[in-house]
There are 2 protein chains.
Amino acid sequence: MARMVAERADAIAPLAEVFREHGYEGASLALIGKATGLGKGSLYHFFPNGKEEMVQAVLGEIGQWFEDVVYSPLRNQSDANGAIGAMLDSTDQYFRSGRRVCLVGALAVANTRDLFAQAIRGYFVSWVDALQSALIRQGRDADQSRILAEEAVLAIQGAIVLSRAMDDPAVFQRAIDQLRKRLVIENDTSNNKGTIDDSPQNEGRLV
Amino acid sequence: MARMVAERADAIAPLAEVFREHGYEGASLALIGKATGLGKGSLYHFFPNGKEEMVQAVLGEIGQWFEDVVYSPLRNQSDANGAIGAMLDSTDQYFRSGRRVCLVGALAVANTRDLFAQAIRGYFVSWVDALQSALIRQGRDADQSRILAEEAVLAIQGAIVLSRAMDDPAVFQRAIDQLRKRLVIENDTSNNKGTIDDSPQNEGRLV
DNA sequence: TAATAACTTTACCGATCGGTACAATCGCGG
DNA sequence: CCGCGATTGTACCGATCGGTAAAGTTATTA
């Protein structure tokens, strides 16, 4: 027989899925128990503060994953341009082209926002800051990078909403494509370094 | 004493607010009763199919409002450029610079999406189609207009999420500003119906 | 192997859920 | 002023909610 004694860490991933799919209030202890394979006793053993602690644990795990896979490369990787491209790839995979909801974004628009305000805010602030850092290292102006980073993060959240509303992952993928055009500087080794066009129509595009 | 007998139409606005603030599952009949001032008896008299019918009624009202105020001008107004600008103004006001959640967007990411899939899809399809129509009438390429319209609608949804997550309406307003730069063509020196606003907020912009 | 800690099962709690039934009340046309 | 349909208040339903208590079982350690 497989091990009867579970570990807290094993519950995090199923918890994340059930909260993503049903939201904070919609995820009942019955659903949570089914998703994790744990009874109430075990759940309250690992998370004495109930659902709130479960979500906090999930948010911590999500934050750590993004820190390792997305934010840290954006901040530290010498190839800023490559880090931005990798961010778009990771994001597309993580959100399954919009089929998977962003739990943090969903919590941000729910009435339970205040309970997790700090974690929600931190998630997005880190993302925008890290992306801005990479954009600046690409050689862009700091203010323009700020705007661009905010626009990019916001577009990803909006793309999830819209692609789910349309029930069409292509919507999400088009949004990622557009972001790639606006954020990643194509480097033809043959030609000059080029300049960055900050005009409204071609904002941030290399010309 | 005010009239004791309520009308169904009077309940729609409070219903919209309570569903916006608490979501479909989170809006209990107790909350709904408090928000509308109606008891269960009245509520089930006006909406025999319960909460689902209430939300459908709200979605219908929302759709009608956007049709009248946003979509129709985008499609039919001869001044396409002006209609786009007006759309951004209306949107900023309607969503209270991100302080007010988009019910349709919130339903799109909730697990109850399937119940209202048709209305949700119609809301966004109409928006994107109408905006594309205006962009084409501005003289833009059809394919590019499609992409741009999708990006704009998506950005508005994302801006709501992000500005709520940050608890900062300025995030929403920056997003609207950026959209104005990208969507509204300012260079029409020919027949200029507007005036130049020199106030700090709108310096040098056509209003 | 005995003691102890970690984990699980089960039964149960009061509160609230969405929804129903129905009698009482209201406004209005006759 | 009557009668009738539209509206409302209230009591109630079974189900489920999040959470607690405590006895039982398993793994770890000494």
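To find a chain, count down the sequence lines: A is the first, B the second, and so on, and within it residues start at 1.
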Return the value, rounded to whole Å, for the distance between atom [atom1] of [X] and atom [atom2] of [N].
X: A:Phe46; N: C:dC7; atom1: CZ; atom2: C1'; answer: 6 Å
X: A:Asn49; N: D:dG19; atom1: CG; atom2: C1'; answer: 11 Å
X: B:His45; N: C:dT20; atom1: NE2; atom2: C1'; answer: 16 Å
X: A:Met54; N: D:dG19; atom1: CE; atom2: P; answer: 8 Å
X: A:Phe47; N: D:dT20; atom1: CZ; atom2: C1'; answer: 18 Å
X: A:Arg8; N: C:dT8; atom1: CZ; atom2: P; answer: 14 Å
X: A:Leu43; N: D:dT20; atom1: CG; atom2: C1'; answer: 14 Å

Exercise for review: State which of D:dT8, C:dG19, C:dT9 makes the closest approach to the side chain of B:Tyr44.
Suggested key: C:dG19
Point to revise | Where at least one partner belongs to residues 142-171 of chain A, residue pairs that pass ring-ring contact (aromatic ring centres under 6.0 Å, His included), sequence neighbours excluded | key: none
**Study point:** Set of residues satisfying ring-ring contact (aromatic ring centres under 6.0 Å, His included) with respect to A:Phe116, sequence neighbours excluded
**Key:** A:Tyr24
Point to revise | Partners meeting salt bridge (Lys or Arg N to Asp or Glu O under 4.0 Å) with A:Arg137 (sequence neighbours left out) | key: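 Not a single residue meets the salt bridge (Lys or Arg N to Asp or Glu O under 4.0 Å) criterion with A:Arg137.
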Practice item. Flag the pair B:Asn81 / B:Glu186 as yes when at least one side-chain heavy-atom distance between them is below 4.5 Å, and no otherwise. Key: no
Exercise for review: Any pair with a residue in residues 41-65 of chain B that passes salt bridge (Lys or Arg N to Asp or Glu O under 4.0 Å), sequence neighbours left out, goes on the list, sorted by first then second residue, please.
Suggested key: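 Found B:Arg8-B:Glu53.
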Exercise for review: Give the B/S/- string for nucleotides 10-17 of chain C, one per nucleotide from 5' to 3', where a protein heavy atom under 4.0 Å of the base yields B, of only the sugar-phosphate yields S, and otherwise -.
Suggested key: -------S
Review point. Under the side chain to side chain donor-acceptor pair (under 3.5 Å) rule, what pairs show up with a residue in residues 27-41 of chain A, not counting sequence neighbours?
Key: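 Of all non-adjacent pairs touching residues 27-41 of chain A, none passes side chain to side chain donor-acceptor pair (under 3.5 Å).
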